[in-house]
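Step one of this worksheet: look at the structure below.
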Amino acid sequence: MDIFVTILEQGLIYGILALGVYITYKILDFPDLTVDGSFPLGAAVTATMITNGVNPYLTIPVSFLAGVAAGVCTGLIHVKCKVRDLLSGIIMMTALWTINLRLAGTANVPIFGDDNIFDNDLVNKVFSGSLASYKALIIVLVIAAVSKIVLDLYLKTKSGLLLRAVGDNANLVTSLAKDQGNVKILGLAIANGLVALAGCVFCQEQRVFEISSGTGAIVIGLASVIIGTSLFKNIRFFNATAAVLIGSVIYKACVAAALKFFEPQDMKLITAVLFLIILVIGMDRKKKVKKNA
Amino acid sequence: MLELKNIRKYYNPGTVNEMCLFENFNLTADKGDFVSVIGSNGSGKTSMLNILCGSIPVEDGQILMNGEDISRLKEYKRNRKIGRVYQNPAMGTCPSMTILENMSLADNKGNFYGLGKGINKGRRAYYQELLSRLNLGLESKMDVKVGALSGGQRQAMALLMSTLTPIDFLILDEHTAALDPKTAELIMELTDRIVKEKNLTTIMVTHNLRYAVEYGNRLLMMHQGKVVLDIAGTEKQEMKVDDILGKFNEISIECGN
């Protein structure tokens, strides 16, 4: 039973990250590697705030904004300096490593003793007795659900429609008298905001900040998006964002199952092989050659 | 009114492949003009449209829109007053979005794209009414993704979308070239109707000589970056396809091919 709770918990936390990756990869058609830096950025900001005694609930909006700032930087590098999309992300990912280290002070910051969103007087009072063991899961579920619903609502606004248009046919955005560069920056900002939010929740669930927690985050995000969108593309009941969240849980379950048979140090190899299998099965590896045709 | 004044345009400047396209190129399209532009490949028709819209830079010269110099204005800002339809039907629509979403996007052109509702349900009937005039059955496919439509249907939508909001100028870049003859005919009739209804200043590049003769009140023939024929009014009305073909051949013989 415990293992299922852990898979769901972790799956949903990485699901928030996958929502961000969904925006860049599926909507903007922008392979954004900033994610590997903005995920620990959210964690670094959170660890720093919590060790300094700030109210843990404040870490959520602040981490989101920190991610937004990182996304804006990637966007500016890409749009204003005209650097290729992949390289812009790599530049920011590299830069963020130092920024995260500087923010947190060291590569490893434990926050066991402090209050956090999973462990404070208020939640301990609400989740007492039999609910206590599902406390973290319920809190993660609420945060993931709110993120999903707000993102869904946003994508239905005028600004959201324009965001979807820029990845689909950037030329049309120019025809609508809007600067496509600004729309891309906006998309990257929201995406990395969500990724940093996932980092914030992850850090508090693990009760520790780890500089290396972001390594491979993009792979987890992409795998979740591809699993979700290819599995549920014909099921109307789940829209894309719900599919992405479920995809993330499925991915975590696959990794957990694989770890039953292998050692923890095989983790990255398992991840890589799993990702390859997902890409092949999902048929998502084909580059859109004739994008407008 | 649209004006090009003393335009100088080089391709690959500063390299061995340097090629001069326009040297002191001038063109004025008066308000309400419907100008058809014909000419062989490489004569500068599309380059002229790209210069007008700001898609490519020029070495020298002025571009005036209603008397205002827009030479330094970015492409997307110029598009506030310009609607443009391309040869490729996919350029004017978003394939992964529905007809309703596409129409809603286009309907908001010139306004702020904020956090208001993207789709105004009250406008649905209005869009359907516009689409029903096309006689393509699109009005019953409001929730179908545009990517599932045929080229002709998409081009009709692109034309409708580019002229949905108040604009002054319509730029048509061989917009019937990728369509079958029957659909092309339909799109041309639709174009003519919209241009007349909204009194748009229109520049249409076409390879179809019949359309060039039949539609519009002015006809330009371009050759190697120059306007070699510019007729309007009754002279244009009396023009026949054969006359233009003759003129075309004349130019080709002069150039020795």
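All chains are named by letter (A, B, ...) in the order of the sequence lines, taking the proteins before the strands, and each is independently numbered beginning at 1.
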Problem set entry | With B:Gln87 via side-chain hydrogen bond (donor to acceptor under 3.5 Å, both in side chains) - residues at least two apart |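 B:Gln87 satisfies side-chain hydrogen bond (donor to acceptor under 3.5 Å, both in side chains) with no residue once adjacent residues are dropped.
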Problem set entry | Heavy-atom donor-acceptor pair, B:Asn79 side chain to A:Leu176 backbone, under 3.5 Å |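 Flag not set: sc B:Asn79 to bb A:Leu176 has no pair under 3.5 Å.
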Problem set entry | Donor-acceptor pair, side chain of A:Asn169 and main chain of B:Cys94, under 3.5 angstrom |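 No; judged by distance alone, with no hydrogens or angles, the pair does not exist.
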Is the [atom1] atom of [X] crowded by more than 12 outside heavy atoms at less than 6.0 Å?
X        : atom1 : value
B:Lys196 : NZ    : no
B:Glu18  : CD    : yes
A:Arg84  : CZ    : no
B:Arg80  : CZ    : no

Problem set entry | Derivation and outcome, side-chain contact (heavy atoms from CB on, under 4.5 Å), residues A:Tyr154 and B:Leu115 | CA-CA 7 Å; A:Tyr154 170 72; B:Leu115 294 179; 3.7 Å; yes
Measuring only between side-chain heavy atoms, which start at C-beta, is [X] closer than 4.5 Å to [Y]?
X        : Y        : answer
A:Asn171 : B:Tyr86  : yes
B:Lys74  : A:Asp179 : no
A:Leu172 : B:Leu105 : yes

For this session: Please look at B:Lys117 and chain A and tell me whether the side chain, the backbone, both or neither of the residue comes under 4.5 angstrom of a heavy atom of that chain.
Result: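 The answer is the backbone of B:Lys117.
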What is the distance from atom [atom1] of [X] to atom [atom2] of [Y], rounded to the nearest 0.5 Å?
X        : Y        : atom1 : atom2 : result
B:Ser96  : A:Lys26  : OG    : NZ    : 10.5 Å
A:Leu186 : B:Tyr113 : CG    : OH    : 14.0 Å
B:Ile119 : A:Lys158 : CD1   : NZ    : 11.0 Å

Problem set entry | Heavy-atom pairs under 4.5 Å with chain A, option from B:Lys81, B:Arg78, B:Glu101, B:Arg84 with the top count |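 Looking at each option in turn, the highest pair count goes to B:Glu101.
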Exercise. Between B:Thr165, B:Asn111, B:Thr93, B:Asn120, which has the largest tally of heavy atom pairs under 4.5 Å with chain A?
Worked result: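 With the most close heavy-atom pairs to chain A, the winner is B:Thr93.
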Exercise. If you count heavy-atom pairs under 4.5 Å with chain B, which of A:Leu155, A:Leu162, A:Leu153, A:Val173 comes out on top?
Worked result: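 Looking at each option in turn, the highest pair count goes to A:Leu162.
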Exercise. Relative to chain B, which segment of A:Lys178 carries a heavy atom at a distance below 4.5 Å: side chain, backbone, both, or neither?
Worked result: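 It is both, since atoms from each part get that close.
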